[in-house]
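First the structure, in the form of structure tokens, and then the observations on it.
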Amino acid sequence: MAALGVLEHASVMRALVRPGKNTFAEALRVRKMGLEFAHPVGLAGGFDKNAMRPRALAALGFAHVEIGTVTALAQEENPRPNLFRLPADHALVNRLGFPNEGADAVTKRLAEKGCDVPVGISIGKSRAVPTLPIDDAIADYVTSFRFARRALEKIKGFVVVNVSSPNTKDLRAMQAADIAKRLLDAISAENARDPRIPVLVKVAPDLDDAALDSLLDVVLASGIEGIVATNTTVAREHLVTDASTVASIGGGGLSGPPLRRRARTIVARARKKLGPERTIIGVGGISDGPSALAMLDAGADLLQLYTGMIYEGPFIARSLAREIAAARGC
Ligand SMILES: Cc1cc2nc3c(=O)[nH]c(=O)nc-3n(C[C@H](O)[C@H](O)[C@H](O)COP(=O)(O)O)c2cc1C
């Protein structure tokens, strides 16, 4: 984040680094949710939590950037240590717990800065607001949504309703169909007037098929645009790191290649159920050409990554876009 400061604040530097108008083949362009993306690869939620570096991240080559997760109330990170590397697996475990300056401040900053690429604003539940009674939790999301909407009247983008982080107590219970329906209905009611902002819901990889199907039914019935699949997992499968090291890290969400297969399975199932029109952003373990292409083949319209940038470096979006283009012969 510190290194990106120079890019963020000096437009001359961004102009030097930024991909030119014709860097990406026309055939890579994605038009979804009324937005246009130069190529499918974007930055996942959680890296730029406070909208400090959206312009720099766009200049690096991400064709969209998701900021946040923001919450209605500003809050600190969970006690440290809360972020771990599993180098042998190119994976991370985090239990940060949505540290952010609050939805009002962050979305104001974003709107003032602007951004060359579409921006996703991820909204979550404030830690201080319990999940039950559910009306309070919903009101907390709606507060954040209002702020996000205000920013997205000025800049192009979409909102992601994050109900799938494992690091806020009971948050994932909000994926249950009856609760998700009330939450998404409340957000849609707030989104009834023009301009209508595209809304997606971000799902956990740990949902079983029945729970996923019920949630997808809610997505279909609610009229929101689609899903982001997936968040980090609480499972500790497909790891080569030894079990005692993994156990010593403790709780949190695992990200990176060990998540790939599950994220892809969820995307494929969701595409079948949602049909071709809805938007699916595939995320989980994308770190090279084959993993990006496999996620697109599973049915994703757009891709996101976080852990892949930590291990492969800041220009990963560009190289993935090139690899997708090469594979498609464009
Ligand atoms: C350190 C860290 C913080 C994260 N914070 C958030 C967050 O605030 N909101 C969110 O929706 N996802 C968050 N995520 C999850 C990522 O957006 C993504 O869904 C997940 O890491 C899987 O993608 P990856 O394997 O490319 O990292 C975070 C991930 C990491 C590694």
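Keep in mind that this is a model prediction, so the values were computed, not measured. Read the numbers this way: they start at 1 and go in the same order the structure lists the ligands and their atoms.
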Under a 4.0 angstrom heavy-atom cut-off, which atoms of ligand 1 come close to [X]?
X: L92; result: 31 (C)
X: G256; result: 25 (O)
X: G284; result: 22 (C), 23 (O), 25 (O)
X: K202; result: 10 (C), 11 (O), 12 (N), 15 (C), 16 (C), 17 (O), 18 (C), 19 (O)
X: L259; result: 22 (C)
X: V283; result: 18 (C), 19 (O), 22 (C), 23 (O)
X: L83; result: 1 (C)
X: L96; result: 1 (C), 3 (C)

Where the side chain of [X] meets the backbone of [Y], is there a donor-acceptor pair that is under 3.5 Å apart?
X: R318; Y: L60; value: yes
X: R260; Y: M295; value: no
X: T265; Y: R261; value: yes
X: R271; Y: G299; value: yes
X: D48; Y: E66; value: no

For [atom], closest protein heavy-atom neighbour:
atom: atom 15 (C) of ligand 1; result: N231 OD1, 3.6 Å
atom: atom 8 (O) of ligand 1; result: K49 NZ, 3.1 Å
atom: atom 27 (O) of ligand 1; result: T307 OG1, 2.5 Å
atom: atom 17 (O) of ligand 1; result: G45 O, 2.7 Å
atom: atom 21 (O) of ligand 1; result: S255 CB, 3.2 Å
atom: atom 1 (C) of ligand 1; result: Y306 OH, 3.3 Å

Applying the side-chain contact (heavy atoms from CB on, under 4.5 Å) criterion to I227, which one of L215, L216, V267 satisfies it?
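Result for side-chain contact (heavy atoms from CB on, under 4.5 Å) with I227: L216.
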
When rounded to the nearest 0.5 angstrom, what distance separates CG in N162 from CD1 in I121?
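Answer for the CG-CD1 pair, N162 versus I121, is 14.0 Å.
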
Nearest-0.5 Å distance, CD1 of residue I123 to CZ of residue R146:
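Taking CD1 in I123 and CZ in R146, the distance rounds to 11.0 Å.
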
Given the rule in the side chain to side chain contact (heavy atoms under 4.5 Å, CB included) test, do L28 and R328 qualify, once you have shown the distances and angles that lead to the verdict?
CA-CA 9 Å; L28 281 183; R328 289 178 174 172; 4.0 Å; yes

Considering only heavy atoms from C-beta outward, does the side chain of K125 approach that of T131 to under 4.5 Å?
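With C-beta onward as the side chain, the pair touches.
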
Can you find an N or O of [X] that's nearer than 3.5 Å to an N or O of ligand 1?
X: L305; result: no
X: N94; result: no
X: G285; result: yes
X: T69; result: yes
X: Q304; result: no
X: T232; result: no

Looking at K273 and D217, is there a salt bridge between them, counting it only when a charged N and a carboxylate O are closer than 4.0 Å?
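Yes.
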
Any ion pair linking E190 and R149 (charged N to carboxylate O, less than 4.0 Å)?
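Looking at R149 and E190, the cut-off is not met.
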
Could you establish whether S165 and ligand 1 come within less than 4.0 Å of each other, counting only heavy atoms on the residue side?
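Distance cut 4.0 Å: S165 fails for ligand 1.
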
Any heavy atom of T230 closer to ligand 1 than 4.0 angstrom?
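A heavy atom of T230 does come that close to ligand 1.
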
Cation-pi between R53 and F47: NZ/CZ under 6.0 Å from ring centre and within 45° of the ring axis?
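The answer is no; the distance or angle limit is not met.
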
Could you verify whether a donor N or O on one side chain and an acceptor N or O on the other, from S291 and D288, lie under 3.5 Å apart?
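On atom types as modelled, these side chains qualify, holding a pair under 3.5 Å.
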
Winner among I310, N162, V160, V228 once heavy atoms are compared against atom 10 (C) of ligand 1
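Looking at heavy atoms only, the winner is N162.
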
Identity of the nearest option to atom 5 (N) of ligand 1, non-hydrogen atoms only, from G97, G252, G46:
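Minimum heavy-atom distance to atom 5 (N) of ligand 1 goes to G46.
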
